[in-house]
Amino acid sequence: MPELPEVETIVQGLRPYIFKRKISHLKIFLPKIIHTKKVSPNHLIGTTIENISRLGKNIIFQLSNECHLRVHLKMTGQLLIKFPEEDFQKHTHAIFSFDGERFKLNYRDIRKFGFIQIFSAEEWEKWPKESPLGPDPLEVTFSFFEEKIIKQKRMIKSVLLDQTFLAGLGNIYVDEILYHSKIHPQSLPINLSSNAVQELYQTMVKVLKTAILLRGSTIRDYLGISGEAGNYQSKHQVYGRVNAPCHKCGTLIRKIKVAGRGTCFCPTCQKLEQGRRQADPL
DNA sequence: AAAGATGTTGCAAC
DNA sequence: GGTTGCAACATCTT
């Protein structure tokens with residue numbers, strides 16, 4: 001569900017509530033969503049949340065006892081601030097309480113793909129080696145991006161979805177970024193002109209920043225921490241618009257499968273470049 | 001009404 | 001390397 005803009009919105013929303021708060025209680029309804037090898041969940045009680053950050057689509061809590069929590073929402077996970085007067089919601093799998101606070105932090109996930117992982121200090125140090133994330137799309141430099149992308153031999157959509165290439169993009173934003181960059185999702189990076197790569201980079205930053213300002217996209221399940229929907233879905237040009245007319249040229253938006261994912265694009269605005277080899281056979 | 005789709009990702013198989 | 005299909009699971013659409 002949540003991609004970079006949604007996760008960023010959640011992290012920003014969480015800070016005022018739980019930064020420097022001490023965990024007083026943790027109720028777990030579905031134990032399998034807690035992933036831990038060495039640290040018992042009980043060990044979190046009494047620790048303070050020293051920092052809340054985002055790594056790609058991962059939400060990271062740094063705790064005062066040197067442990068770290070990693071929350072991955074996968075498709076339908078939610079983190080919600082709830083007050084006692086609010087009703088208990090179905091699919092709530094864990095609830096954090098904080099010293100002296102009326103609100104609780106609920107972890108909810110309809111499809112149960114997401115998880116909360118607990119790392120000891122040593123495990124946390126080793127984690128980046130086990131799952132090497134690429135740079136953040138909002139921090140990567142153009143030269144690094146360009147140099148790395150032109151070496152890729154698979155379709156551009158597949159590259160952009162790969163979290164070891166860049167961490168944070170998902171199906172919605174890749175489709176939207178490719179549309180605004182006028183790049184066909186099945187293009188091979190080698191066939192992109194240097195102007196096209198530059199446009200792709202600039203568009204990526206612009207789309208993500210705009211989506212963060214609008215607090216993400218709500219298609220079905222995504223909600224901010226107070227239960228608010230995002231607003232970027234109203235700006236979508238291709239995602240969820242199969243058979244609707246392209247806003248630029250009127251051609252009907254098509255949907256195909258690329259890299260195993262439903263992929264929406266405008267066949268007129270996003271042409272597949274032929275590639276120098278085929279275009280100039282001497 | 002059964003089948004296919006859904007914002008993710010890790011793994012197996014080819 | 002690179003791909004594809006599937007699995008985890010609930011719900012909505014065709």
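In this text the structure is predicted, and so the values were computed from the model without any measurement. Letters A, B, ... mirror the listed sequences (proteins, then strands); counts begin at 1. Just the heavy atoms: all of them, side chains too, but no hydrogens, waters or symmetry mates, feed the values below.
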Item to complete: Describe the nucleic acid contact of A/D109 in one word from base, sugar-phosphate, nothing, applying a heavy-atom distance below 4.0 Å.
Response: nothing
Exercise. Taking atom P in both C/dC9 and B/dA1, what distance in whole Å separates the two?
Worked result: 25 Å
- Task: May I ask you to decide whether A/D162 forms a salt bridge with A/R154, counting only side-chain N to carboxylate O separations under 4.0 Å?
- Result: yes
P gap between C/dG5 and B/dG4, integer Å: 13 Å
Only one of A/E123, A/R70, A/H35 passes side chain to side chain donor-acceptor pair (under 3.5 Å) with A/Q117, and that residue is A/R70
By nearest-nucleotide position on DNA chain B, the 5'-leaning member of A/K255 and A/H72 is A/K255
Exercise for the section: Could you measure between the two P atoms, the one in C/dG2 and the one in B/dG7, and give it in whole Å? Expected result: 23 Å
(Q) Between B/dA5 and C/dT4, how many Å separate the two P atoms, rounded to a whole number? (A) 15 Å
For DNA chain B, the expected dot-bracket line (Watson-Crick or G-U under 3.5 Å, [ ] crossing, | inter-strand) is .|||||.|||||||
> Within the structure shown, what part of the strands sits under 4.0 Å from A/Q163 by heavy-atom distance: base, sugar-phosphate, or nothing?
Replying inline: sugar-phosphate
Give me, pair by pair, the N or O atoms of the protein and of nucleotides 1-4 of chain C that are less than 3.5 Å apart, along with how far apart they are.
none

Would A/Y232 and A/Y222 count as a close aromatic pair, with their ring centres under 6.0 Å?
no
Check: Would you find a donor on one side and an acceptor on the other, under 3.5 Å apart, between the side chain of A/E6 and the backbone of A/S217?
Finding: yes
Classify the ring geometry of A/F145 against A/Y201: parallel below 30°, tilted from 30° to 60°, perpendicular beyond 60°. tilted
Could you run down the sub-3.5 Å N/O contacts of the protein with nucleotides 7-14 of chain C?
residue	atom	partner	partner atom	Å
C/dC9	OP1	A/K32	NZ	3.1
C/dC9	O4'	A/R111	O	3.2
C/dC9	O2	A/R111	NE	2.6
C/dC9	N3	A/R111	NH2	3.0
C/dA10	OP1	A/K112	NZ	2.6
C/dA10	O3'	A/H91	NE2	3.4
C/dT11	OP1	A/H91	NE2	3.3
C/dC12	O4'	A/R220	NH2	3.4

CD1 (A/I59) and CG (A/L73) are apart, to the nearest 0.5 Å, by 5.0 Å
Using 4.0 Å as the upper bound for N to carboxylate O, is an ion pair formed by A/R21 and A/E101? yes
Across all chains, not counting sequence neighbours, the side chain to side chain donor-acceptor pair (under 3.5 Å) partners of A/R54 are A/E8, A/D136
**Asked** Donor-acceptor pair, A/Q237 side chain versus A/E176 backbone, under 3.5 Å?
**Response** no
d(A/T36 OG1, A/L44 CG) to nearest 0.5 Å is 8.0 Å
> Does a side-chain heavy-atom distance below 4.5 Å link A/K157 with A/D175?
Replying inline: yes
Worksheet entry | P gap between C/dC6 and B/dA3, integer Å | 15 Å
First and last nt of DNA chain B near chain A, cut-off under 4.0 Å to heavy atoms, 5' to 3', are B/dA5 to B/dT9
Grouping ILVMFWY residues whenever side-chain heavy atoms fall under 4.5 Å, the cluster of A/W124 otherwise contains A/L55, A/I60, A/F119, A/W127, A/L133
Note, A/F61 side chain near A/I23 side chain (heavy atom, < 4.5 Å): no
- Item | Touch class at under 4.0 angstrom, heavy-atom based, for A/G262 against every strand present | sugar-phosphate
Check your understanding: Do side-chain atoms of A/K104 reach the backbone of A/I81 as a donor and acceptor pair under 3.5 angstrom?
Key -> no
